[in-house]
Amino acid sequence: MSGSILILAGRRPGAVDALAEAHGVGDKCLVPVAGRAMIAHVLDSAAQTDAARIFVSTHHETLLDDLADEVIERLGERLVIVPAADNLADSVLAVAGQAAFPLFITTADNCLLTPETIVEIGNEAARLGVGAGVALARREDVLAVHPEGQRRFYEFSDVAVSNCNAYWIGDPAALKAAEAFRGGGQFVKKPIRVMQAFGLINLLRFRFGLGPIHHIFQRISRHLKVDIAPLLVSNGATAIDVDNERSLRVTEALMKRPDIVNPRPSSRGTPAARDAAGEPQLAVTR
């Protein structure tokens, strides 16, 4: 994918993460998953891409010492630790001056993210010709991987999807899209955050699936003044992050499956078409 990767591994101000507390570690990103700190799995996938630099945004000053994983030595000077801000938007903007674009953004609990999916997301953004993108997995793909992997989906008139906690920013001008996440990463769970970011009408369309997914994202693009698109991934496991003991157990079970660790290439993609107004259309298959 070239460019840079940013892994968000900060913590909410004043919050105590229940999973970190249960496992006796100072930060959620250090919770052991299949014998390694969860962030080590994400770093391992990042290391297998051709990204020039991999940034980790964290409040944990001794993260590398406490992590003590071989991937740190393997990454060498490609790995850059940066102080996290108190919100995700500022944490993203803090690396903008150091990062080569495109900038791929994910979270430290995205343990099932593979290097193949990172490349797939960049390729899909290039295919659609957009400035920014949000990685999403189709409901049927997520449930096919594990019936308990994810319980929340956003339903549109043409597809139901789950967020993959992975975002693509094509150039510095598209960083305006990061403002949508100033209130927190899971902003789609908070209607007021969606309204502030997208506008009231777009909030209603997004929350209640009033229209095809690409039409709603086109409306959001006009509101944000950034051409942003949904980027559908082929590996449904990408939507399963480690939030609690249930998802931790699911993740460890899936890591034992070679078809999840090394997913088959997608055969579902089709070339981007354009509608009557010349807008790029999302190729959605059911």
Side-chain angles (χ1 to χ4, degrees), residues 1-9 39-58 64 69-82 84 88-89 91-108 110-137 163-178 180-181 217 221 224 226-235 237-238 261-266 268-272 280 282-283:
M1 58 156 280
S2 66
S4 306
I5 293 174
L6 169 61
I7 301 171
L8 298 169
I39 193 174
H41 296 284
V42 186
L43 286 169
D44 202 33
S45 289
Q48 295 178 62
T49 71
D50 62 356
R53 304 184 89 179
I54 291 119
F55 297 90
V56 174
S57 175
T58 179
L64 295 187
D69 191 276
E70 59 84 21
V71 72
I72 298 172
E73 184 175 354
R74 183 150 42 92
L75 280 167
E77 294 183 357
R78 295 172 68 197
L79 180 61
V80 181
I81 304 298
V82 294
L88 297 189
S91 292
V92 172
L93 295 173
V95 307
Q98 308 174 58
F101 284 79
L103 176 63
F104 177 86
I105 304 166
T106 190
T107 54
N110 205 356
C111 300
L112 294 173
L113 176 71
T114 67
E116 291 83 4
T117 298
I118 296 174
V119 172
E120 180 184 27
I121 290 169
N123 289 343
E124 180 68 357
R127 183 183 74 84
L128 293 172
V130 293
V134 179
L136 303 166
N163 183 21
C164 293
N165 282 341
Y167 311 93
W168 187 90
I169 304 289
D171 55 56
L175 282 168
K176 288 182 289 186
F181 305 97
F217 268 81
S221 296
L224 293 178
V226 176
D227 194 7
I228 181 170
L231 309 174
L232 298 190
V233 303
S234 57
N235 187 355
T238 314
V261 178
N262 299 295
R264 294 185 300 275
S266 173
R268 306 177 70 165
T270 58
L282 180 70

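We count residues from 1, following the sequence as given. For clarity, every value in this text was computed on a predicted model and none was experimentally measured.
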Original post:
Which atom pair, heavy atoms only, marks the closest approach of I105 to I169?
Top reply: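 Taking every non-hydrogen atom into account, CD1-CG1, 3.9 Å.
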Subject >> Shortest non-hydrogen contact between L231 and E124, atoms and distance >> reply: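 For L231 versus E124, the nearest heavy atoms are CD2-CG, 3.8 Å.
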Side-chain touch [X]/[Y], heavy atoms, less than 4.5 angstrom:
X    : Y    : value
T58  : I39  : no
F217 : L128 : no
V95  : R53  : no
R74  : D44  : yes
V80  : Q98  : yes

Subject >> Residues which pass salt bridge (Lys or Arg N to Asp or Glu O under 4.0 Å) with E77, listed by chain and number, not counting sequence neighbours >> reply: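 Partners of E77 under the salt bridge (Lys or Arg N to Asp or Glu O under 4.0 Å) test: none.
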Subject >> Which residues share a salt bridge (Lys or Arg N to Asp or Glu O under 4.0 Å) with R78, sequence neighbours left out >> reply: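 For R78 there are no salt bridge (Lys or Arg N to Asp or Glu O under 4.0 Å) partners, ignoring immediate neighbours.
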Original post:
Do L43 and D69 pass the side-chain contact (heavy atoms from CB on, under 4.5 Å) test, and can you show the C-alpha distance, the side-chain angles, and the key distance before you say yes or no?
Top reply: CA-CA 10 Å; L43 286 169; D69 191 276; over 6 Å; no
Original post:
Are the side chain of S221 and the backbone N or O of I228 linked by a donor-acceptor pair below 3.5 Å?
Top reply: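 The answer is yes, because a donor-acceptor pair under 3.5 Å joins these two groups.
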**OP:** Please answer whether the main-chain N or O of F101 pairs with a side-chain N or O of D171 as donor and acceptor at a distance below 3.5 Å.
**Re:**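 Not a single qualifying donor-acceptor pair exists.
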Original post:
Applying the side-chain contact (heavy atoms from CB on, under 4.5 Å) test to V56, which of L8, V82, L79 qualifies?
Top reply: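 Per the side-chain contact (heavy atoms from CB on, under 4.5 Å) rule, the option paired with V56 is L79, out of L8, V82, L79.
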